[in-house]
Amino acid sequence: RVLLYGEVLSTVREALPLECGIEPPEGPETPLPHLRSFRGVARLFAMEAETRRLNDDYAGAAASALDCLEMAQDAKSQNIVISYLVGVACEAIAVASLDQTLPGLRADEAKAALVRLQGIIARRPPLAEALIGEEMWGRRCIKRFLPDREQLRQFVVQVREKPVTEDELTRMIAHLPQTWQVVSSYYNRLRRNAALPYPQRDRNLAPPQDPLAGWLLPNLALVLFRQTVSDTCLNLHVLALAAQVYRAEHGSFPAHLGDLVPGIIAQVPTDPFTGGPLSSVTAGDRLKLYSFGPDGVDNHGVDAGKVVAAETKGDVVVELNVSARR
């Protein structure tokens, strides 16, 4: 399948250095098939990385994973929340592929991957841009609904997936001016929360109780959380690549994360769930790099598992083992 879709991957690679700007949809009825394509191409990059690992080409596998991560940033360029979430999903595919590649990287290969990963992180579109784009899209929808009862009906039916009564429709129309204000207030809260460290965020960010805004606005608390998980995974892999460079050069993993500074990285990356530095624990020939996770408790590297939710207990962990390949 990798050979079959090689032309697709080559075309995507040629486009990666170019600026990607996808216009936001005009309204809720606008189809978004390209977002599904992003995930499909991300899986192709992951398959290519696996094929390269099987052929002992770990540097090539890392390049495939990082190409996938680069493309994930383009998915976010539409500046609406659904495109941002697709980008986060592609990031997860890229990080999982990079995770499998880490143990086989030599010092020079890990250094190259580390530099590129740090560059991608520095260029990631901020969630605030997606929130601004989403608010503008919501306002365009409200403007379209103001003069047109039938358009409003079609939108609500599409979102609710069930009919709307005439009384409900009348209440929504009568309340549209207030809805405009509610939308502004809600997005202001979201942007303030997105700028705060995770422990300081308001967790009660459900859409407001408004006849229309409740249907128009997604529950963006989940978006903020998924962004934090993705930030955490990327920071952990910066640290993992730095630790892999150290092991390849010294024959063992660092006893303390401070040993990586400043020779390999400028500072230990931040744990987005706490605002402090990421942590580590060594056990024999294994090194566990970890974030405290959503509960904010140091579980000393006890892995919370692959699926991280707001109520998850345990740490978000990347584990490195000594590899025979140097």
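No option in Asp303, Asn299, Val297 other than Asn299 meets the side chain to side chain contact (heavy atoms under 4.5 Å, CB included) test with Asp315.
For the atom pair Leu127 CG and Leu190 CG, the distance stands at 8.5 Å (nearest 0.5 Å). Rounding to the nearest 0.5 Å places NE2 of His237 at 12.0 Å from CD of Glu91. The CG atom of Leu239 sits 10.0 Å away from the CD1 atom of Ile264 when rounded to the nearest 0.5 Å. Between Leu105 atom CG and Leu241 atom CG the span is 6.5 Å, to the nearest 0.5 Å. In this structure, CD1 on Ile120 lies 11.5 Å from CE on Met71, to the nearest 0.5 angstrom. Remark: Thr270 OG1 to Asp231 CG distance equals 10.0 Å, nearest 0.5 Å.
The shortest distance between side-chain heavy atoms of Ile121 and Arg116 does not fall below 4.5 Å. With contacts defined as side-chain heavy-atom distances shorter than 4.5 Å, the pair Ser185/Asn188 does not qualify. Contact check for Val302 versus Lys313: no side-chain heavy atoms found under the 4.5 Å cut-off. Taking the side chain as every heavy atom from C-beta outward, His300 and Lys288 never approach each other to under 4.5 Å. The side-chain heavy atoms of Lys76 and Phe38, taken from C-beta on, include no pair separated by under 4.5 Å. Considering only heavy atoms from C-beta on, Leu257 stays 4.5 Å or farther from Pro277 through its side chain. Inter-residue side-chain proximity for Asp67 and Leu16 is flagged as met; some heavy-atom pair is nearer than 4.5 Å. Thr282 places none of its side-chain heavy atoms less than 4.5 Å from the side chain of Phe253.
Side chain of Glu48 to backbone of Ser64: no donor-acceptor contact under 3.5 angstrom is found. Not a single donor-acceptor pair under 3.5 Å links the side chain of Ser230 to the backbone N or O of Arg226. A donor-acceptor pair under 3.5 Å links the side-chain atoms of Glu109 to the main chain of Arg106, judged by distance alone. A donor-acceptor contact shorter than 3.5 Å is absent between the side chain of Gln154 and the backbone of Gln151. In this structure, Gln244 contributes its side chain and Pro103 its backbone to a donor-acceptor pair below 3.5 Å.
No continuous path of ILVMFWY side-chain contacts below 4.5 Å connects Ile93 to Val238, so the two sit in separate hydrophobic clusters. Under the 4.5 Å side-chain heavy-atom criterion for Ile, Leu, Val, Met, Phe, Trp and Tyr, Val182 and Met172 are members of distinct hydrophobic clusters. Clustering ILVMFWY residues whenever any of their side-chain heavy atoms sit less than 4.5 angstrom apart, transitively, puts Leu278 in the very cluster that holds Val261. The cluster map of Ile, Leu, Val, Met, Phe, Trp and Tyr, joined by side-chain heavy atoms under 4.5 Å apart, puts Met47 and Leu9 in the same cluster. By the rule that hydrophobic residues join a cluster once side-chain heavy atoms approach within less than 4.5 Å of another member, Val318 and Leu66 end up as members of one cluster.
Under the ring-ring contact (aromatic ring centres under 6.0 Å, His included) criterion, His250 pairs with Tyr246, not counting sequence neighbours. The salt bridge (charged side-chain N to carboxylate O under 4.0 Å, His left out) check on Asp74 picks up nothing, with sequence neighbours excluded. Residues satisfying the side-chain contact (heavy atoms from CB on, under 4.5 Å) criterion with Thr312, sequence neighbours excluded, are Pro294, Ala304, Val308, Ala309. Applying the side-chain contact (heavy atoms from CB on, under 4.5 Å) rule to Asp202 yields the partners Arg189, Asn193, Asn204, Leu205; only residues at least two apart in sequence or on another chain are considered. With sequence neighbours excluded, no residue forms a salt bridge (charged side-chain N to carboxylate O under 4.0 Å, His left out) with Glu129.
Within the structure, the salt bridge (charged side-chain N to carboxylate O under 4.0 Å, His left out) test picks out the following pairs touching residues 249-266 (sequence neighbours left out): Lys111-Glu249.
Ser97 and Ala49 make their closest contact through OG-CB, 3.2 Å (heavy atoms, listed as atom of the first residue, atom of the second, distance). The two residues Thr232 and Ser291 come nearest to each other via the heavy atoms CG2-CB, 3.4 Å. Shown here for Gly301 and Val281, the closest heavy-atom pair between the two residues is CA-CG1, 4.4 Å. A pairwise comparison of heavy atoms in Leu289 and Ser280 identifies CD2-CB, 3.8 Å as the closest pair. Nearest heavy atom pair, residue Val95 against residue Cys233, reads CG1-CB, 4.2 Å. Across all non-hydrogen atoms, the minimal contact from Leu260 to Pro254 is CD2-CG, 3.9 Å.
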Tell me, with the steps shown, if Phe292 and Phe273 meet ring pair (Phe, Tyr, Trp, His ring centres under 6.0 Å). CA-CA 7 Å; Phe292 287 8; Phe273 280 112; over 10 Å; no

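No hydrogens or angles considered: nothing links the side chains of Tyr290 and Asp271 as a donor-acceptor pair under 3.5 Å. Checking Arg53 against Thr101 by side-chain atom types alone, a donor-acceptor pair falls below 3.5 Å. With hydrogens and angles left out, the side-chain atoms of Asn55 and Arg52 include no donor and acceptor closer than 3.5 Å. Gln73 and Arg123 are not linked by any side-chain donor-acceptor pair at a separation below 3.5 angstrom, with hydrogens and angles left out of the test.
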